[in-house]
Protein chains: 2
Amino acid sequence: MPTIYQVAERAGVSLSTVSRVLNGKASVNKVLKERVDKAVKELNYRPNSVARSLANSRTDSIGVLVPELNAPFFGDLMQAVESTLRAADKHVIISVGQNCVETEKDAVEFLISRNCDALIMHAEALSDEYLLELNQSKLPVALVNRQVEGLPEACTSLDNEKGGYLATRHLLELGHKDIAYISGPKDKSDASLRLQGHKRALSEAGLPVDPQLIFNGDYSEEDGKVGLLELMARDIPFTALVCANDWMASGALSCARDLGMSLPQDLSIVGFDDVVFAHHVFPRLTTVSNPIAEMAEMSAKYILNKVYGQANEVQHYFEPSLVVRESTVKHEG
Amino acid sequence: MPTIYQVAERAGVSLSTVSRVLNGKASVNKVLKERVDKAVKELNYRPNSVARSLANSRTDSIGVLVPELNAPFFGDLMQAVESTLRAADKHVIISVGQNCVETEKDAVEFLISRNCDALIMHAEALSDEYLLELNQSKLPVALVNRQVEGLPEACTSLDNEKGGYLATRHLLELGHKDIAYISGPKDKSDASLRLQGHKRALSEAGLPVDPQLIFNGDYSEEDGKVGLLELMARDIPFTALVCANDWMASGALSCARDLGMSLPQDLSIVGFDDVVFAHHVFPRLTTVSNPIAEMAEMSAKYILNKVYGQANEVQHYFEPSLVVRESTVKHEG
DNA sequence: AAACGACTAGAAAGCGCTTTCTAAATATTA
DNA sequence: TAATATTTAGAAAGCGCTTTCTAGTCGTTT
């Protein structure tokens, strides 16, 4: 591997000059510049990014933290982040947090020790305080799909309340009156906001909110099944079901089918997130789309602005929208 | 951020000594070692990985190249690679190749310019020659799910022929005799091997191979649909269908349903790969499992051995196995 | 034509480590 | 006890860049 020194030698200039033409910051005599360019080509020279990083204390690398990698939702996120960042010649270092405080902290430490210039995270377990402190003391942070008090510009988030509202209103418009709800963990703000939207839709329609029709799940497929079973066991009839994410919807869906119900006639189901497999389930799932890829892209652009002086426009709030497929149907009665 | 120099000062030793206790390579007086450890703790010192890399020309980073990030299959791969590598305190830099020669080469160049110590790739478009040369001249390479002539130890691969064989034999055992096949792109070795296995199963059963019952797809969901339509248009009856991957199987599945067929009675379908959504489709897909996570883990371990002197046992060849679900059923007749 | 200012190029320091080389201190042997 | 071998610690060079500082060149002004 040739070094900048060899380029300088071959071009007959000092290495400062080579550095200057490489970085294009200061002005360099045209003739010299051409000599340098020629030498660079001939030697097939590539600057050593490690040395460069050491000299200007910048690694051009961004740490990305996600709870897991093998889920469609985070795949979409990663894809968006990677392509946005690579277009700017930055590289992404990934780290998974497993949805657990300790592991997430570990992952952050790991990323910090790797001298990342910034962090983009979909952090589920870390507290607002921790994130705030991190952003202040160590390095810039962008939060995807989350709102942190005190860090408005660093966050991208979805109007989850509206999403929950849309799901339930859709069912109301189809004539359903008895609508059950399987929620996500209530300590997660997105889960509680979605539920809140559900309740608002009910209230607006002049319908009561029956806590017996609400089950608290944990966002897992299994809890979709458990939730449906439990709700049915309570013996309060319902003709439609809203699930706070697609995984639970899928669990409920197949459980219902296993129970011999015919879908969507016997039960209309709405999911949330519109992940890849939402249109693979049968009946194809009506759901609320979560523009995770766009949010991720915005987070990346925010970092590009903040750390590398770019000037992209960034959007912080995103609107969910209803995706009507075949798992919901008009309620006759 | 404290530097090694400040640690040395506080501990009253030279920085060489600090470096020695940090790396634990040379022996250091117990008393001094304790003083250093104490200083490290008090200053909350963390070695600067960039400086370290510059000094020993090693970045402890491994580039990972995949065709895309937002597909379950590659999510599994990434997950396995990340966890294996992080356990060894290495970090992974990701890059996507989009299944295109130019983009993949670009990605490799990008990774090289980032001074990765090695590359782990699921390269689809790059030629064997390119990979060979890369491995020889630039940096060690591990290929996931691929066999490259001349690089046996660097590859992990699946017995695709056996996979295709298993799929078809399963259908034969269920009494099917007229079995259609939707293949992947024939220029991809996995696709042609799977097809080969299918043919072997047919031959072993004394059945002819009818080219009219074979459609060449491109592994996309859309081509599952197109393939089924085309096969049916050929007017040669078949009671079962093997698809060379789950995406096409899913496409065929929903197409068949849209056509009003009742599944699996009217048509048994087998997929390949056993991706996340295989059990989300309806009827749940019978498929051939592809242990991509294990292969990925092995590739990571191979690199750990080769580049960092570890001594993990690594397996290079993997056997597929049949996962029987509900999309296949006995053929009465 | 002399004096000044504006550019441009090179020298050298420094980024924070690792590692070789040297010297001192200790242990070993005759 | 003297001479040698063995540890162990520190000094210093070097990894490949960026950037400040200095000096030199050229052009402008009066």
Side-chain angles (χ1 to χ4, degrees), chain A residues 1-40 43-61 89 91 112-117 139 308-309, chain B residues 1-40 43-61 89 91 112-117 139 308-309:
Chain A
M1 278 274 126
T3 72
I4 197 174
Y5 196 82
Q6 323 202 26
V7 176
E9 199 171 27
R10 184 175 197 108
V13 299
S14 76
L15 80 175
S16 335
T17 302
V18 177
S19 175
R20 282 187 193 106
V21 345
L22 254 30
N23 293 296
K25 289 189 178 174
S27 56
V28 176
N29 183 295
K30 208 176 171 188
V31 180
L32 295 193
K33 176 171 163 28
E34 276 165 11
R35 293 223 307 265
V36 170
D37 286 340
K38 187 154 165 273
V40 165
L43 292 170
N44 191 24
Y45 168 76
R46 288 181 143 292
N48 180 321
S49 60
V50 175
R52 175 175 283 187
S53 293
L54 183 59
N56 64 12
S57 52
R58 234 202 194 194
T59 57
D60 289 329
S61 68
D89 231 56
H91 67 256
I112 292 178
S113 82
R114 246 49 208 215
N115 294 71
C116 293
D117 293 339
L139 74 185
Y308 304 106
Chain B
M1 277 275 126
T3 71
I4 197 172
Y5 197 82
Q6 324 203 27
V7 175
E9 200 171 27
R10 184 175 196 107
V13 299
S14 76
L15 80 177
S16 337
T17 302
V18 177
S19 175
R20 281 184 193 109
V21 345
L22 254 30
N23 293 296
K25 288 189 179 173
S27 56
V28 175
N29 183 294
K30 209 178 169 187
V31 179
L32 295 192
K33 176 169 162 29
E34 276 165 11
R35 293 222 308 262
V36 170
D37 286 339
K38 188 155 163 272
V40 165
L43 293 170
N44 192 22
Y45 168 76
R46 286 181 144 294
N48 180 321
S49 61
V50 175
R52 174 175 284 185
S53 293
L54 183 60
N56 64 13
S57 53
R58 231 200 194 194
T59 56
D60 289 330
S61 68
D89 230 55
H91 67 255
I112 291 177
S113 81
R114 246 50 211 219
N115 294 71
C116 292
D117 293 340
L139 72 187
Y308 305 106

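Naming convention: chains lettered A, B, ... in sequence-line order (proteins, then strands); numbering from 1 in each chain. Note: hydrogens, waters and symmetry copies are ignored here, and every other heavy atom, side chains too, is used.
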Query raised in the report: When all nucleic acid strands are considered with a 4.0 Å heavy-atom cut-off, which category describes B/V28: base, sugar-phosphate, or nothing?
Result: sugar-phosphate
Query raised in the report: Hey, does A/L32 reach any base, or is it just sugar-phosphate, or nothing, if we go heavy atoms under 4.0 Å?
Result: sugar-phosphate
Query raised in the report: Closer than 4.0 Å, any side-chain N/O of A/Y45 to the OP1 or OP2 of D/dC17?
Result: yes
Report task. Mind checking the OG-CG spacing from A/S49 to A/L54? Nearest 0.5 Å is all I need. Result -> 11.5 Å
Query raised in the report: Looking at A/S19, does any N or O in its side chain come under 4.0 Å of the phosphate oxygens OP1/OP2 on D/dT18?
Result: yes
Query - Sugar-phosphate only, base, or nothing, as touched by B/T17 at under 4.0 Å among non-hydrogen atoms - result: sugar-phosphate
Query raised in the report: Do B/T17 and B/S14 get their side chains close enough for a donor-acceptor pair, meaning under 3.5 Å?
Result: yes
Query raised in the report: Can you tell me how far the CG atom of B/N48 sits from the OG atom of A/S53, to the nearest 0.5 Å?
Result: 9.5 Å
**Report entry** Nucleotide of D/dG16, D/dT20, D/dG10 approaching A/R20 most closely (side-chain heavy atoms)
**Finding:** D/dT20
**Report entry** Flag if over 12 foreign heavy atoms under 6.0 Å of CD, A/Q6
**Finding:** yes
Query raised in the report: Could you give the CG-to-P distance, from A/L54 to C/dG16, as a whole number of Å?
Result: 7 Å
Query - First of B/L15 and A/N23 reached from the 5' end of DNA chain D, by closest nucleotide - result: B/L15
Query - Distance, rounded to the nearest Å, where A/N48 contributes CG and D/dT18 contributes C1' - result: 13 Å
Report task. Using a 4.0 Å heavy-atom cut-off across all strands, classify B/S53 as base, sugar-phosphate, or nothing. Result -> nothing
Query raised in the report: How long is the line joining OH of B/Y5 and C1' of D/dA12, in whole Å?
Result: 12 Å
Report summary line: Output for pair (B/R46 CZ, B/T3 OG1), nearest 0.5 Å, gives 15.5 Å
Report task. For B/V13, report the nucleic acid contact type (base, sugar-phosphate, nothing); a contact means any heavy atom under 4.0 Å. Result -> sugar-phosphate
Requested in this report: May I ask you to verify if any side-chain N or O of B/S14 is less than 4.0 angstrom from the OP1 or OP2 atom of D/dG10?
Outcome: yes
Requested in this report: Would you kindly give the CD-to-C1' distance between B/E9 and C/dG16, to the nearest whole Å?
Outcome: 15 Å
**Report entry** Candidate list A/V13, A/V21, A/V18, A/N29, test side-chain contact (heavy atoms from CB on, under 4.5 Å), partner A/R35, passing option
**Finding:** A/V13
Requested in this report: Measure from CZ on A/R58 to P on C/dG14 and round the result to the nearest Å.
Outcome: 23 Å
Query raised in the report: Atom CD of B/Q6 to atom C1' of C/dG16: distance rounded to whole Å?
Result: 11 Å
Query raised in the report: Hey, is the side chain of B/R52 pairing donor to acceptor with the base of C/dT19 inside 3.5 Å?
Result: no
**Report entry** Whichever of A/K30 and B/V50 has its nearest DNA chain C nucleotide further upstream toward 5'
**Finding:** A/K30
**Report entry** Touch class at under 4.0 angstrom, heavy-atom based, for B/S16 against every strand present
**Finding:** base
Report summary line: Here the distance between atom P of C/dG10 and atom CD1 of A/I4, to the nearest Å, is 13 Å
Query raised in the report: Expressed in angstrom and rounded to an integer, what is the separation of B/D60 atom CG from C/dT18 atom C1'?
Result: 14 Å
